[in-house]
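Single-structure report; data block below.
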Amino acid sequence: MLNTAHRTNIVLDESIVQEALKLSKLKTKRALIDTALREFISNHKPKNSMAALLKSLNGESPFYDDYDYKAMRVNPHLPKG
């Protein structure tokens with residue numbers, strides 16, 4: 001992806017901009033818009049990757065508390081022993 005700047009003029013609601021600047025602790029409107037666009041893309045991109053899945057779990061197991069993962073390791077075709 002090319003890292004090129006594109007100059008544009010937009011009309012923004014100044015009260016929203018000021019609130020966002022205060023919450024984000026960013027210093028410039030340019031940094032605010034850049035951050036907002038990056039977060040928008042990140043939040044709306046398809047999340048099919050393993051990293052996205054792990055992040056969505058927030059450190060919690062996707063299995064029930066009584067789930068027996070070892071039972072899945074049993075191969076019925078092998079002799080028990």
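These numbers come from the heavy atoms of this one structure, side chains and all, not from hydrogens, waters or symmetry mates.
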Of all pairs that satisfy ring-ring contact (aromatic ring centres under 6.0 Å, His included), the ones with a partner from residues 25-54, not counting sequence neighbours: Phe40-His44
Side-chain cluster (under 4.5 Å, hydrophobic types only) that Ile41 belongs to, other residues: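 Cluster partners of Ile41: none, it stands alone.
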Members sharing Ile33's hydrophobic cluster, built from side-chain contacts under 4.5 Å between Ile, Leu, Val, Met, Phe, Trp and Tyr, are Ile10, Leu12, Val17, Leu21, Leu26, Leu32, Leu37
What residues, two or more places apart in sequence or in another chain, satisfy side chain to side chain donor-acceptor pair (under 3.5 Å) together with Thr8?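 Residues passing side chain to side chain donor-acceptor pair (under 3.5 Å) with Thr8: none at all.
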Distance from Arg38 atom CZ to Asn43 atom CG, nearest 0.5 Å? 14.0 Å
What pairs of residues pass the side chain to side chain donor-acceptor pair (under 3.5 Å) test when at least one of them lies in residues 18-28, not counting sequence neighbours? Glu14-Gln18
Mind checking side chain to side chain contact (heavy atoms under 4.5 Å, CB included) for Asp66 and listing every partner two or more places apart, or none if nothing turns up?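 For Asp66, the residues satisfying side chain to side chain contact (heavy atoms under 4.5 Å, CB included) (neighbours in sequence not counted) are Tyr64.
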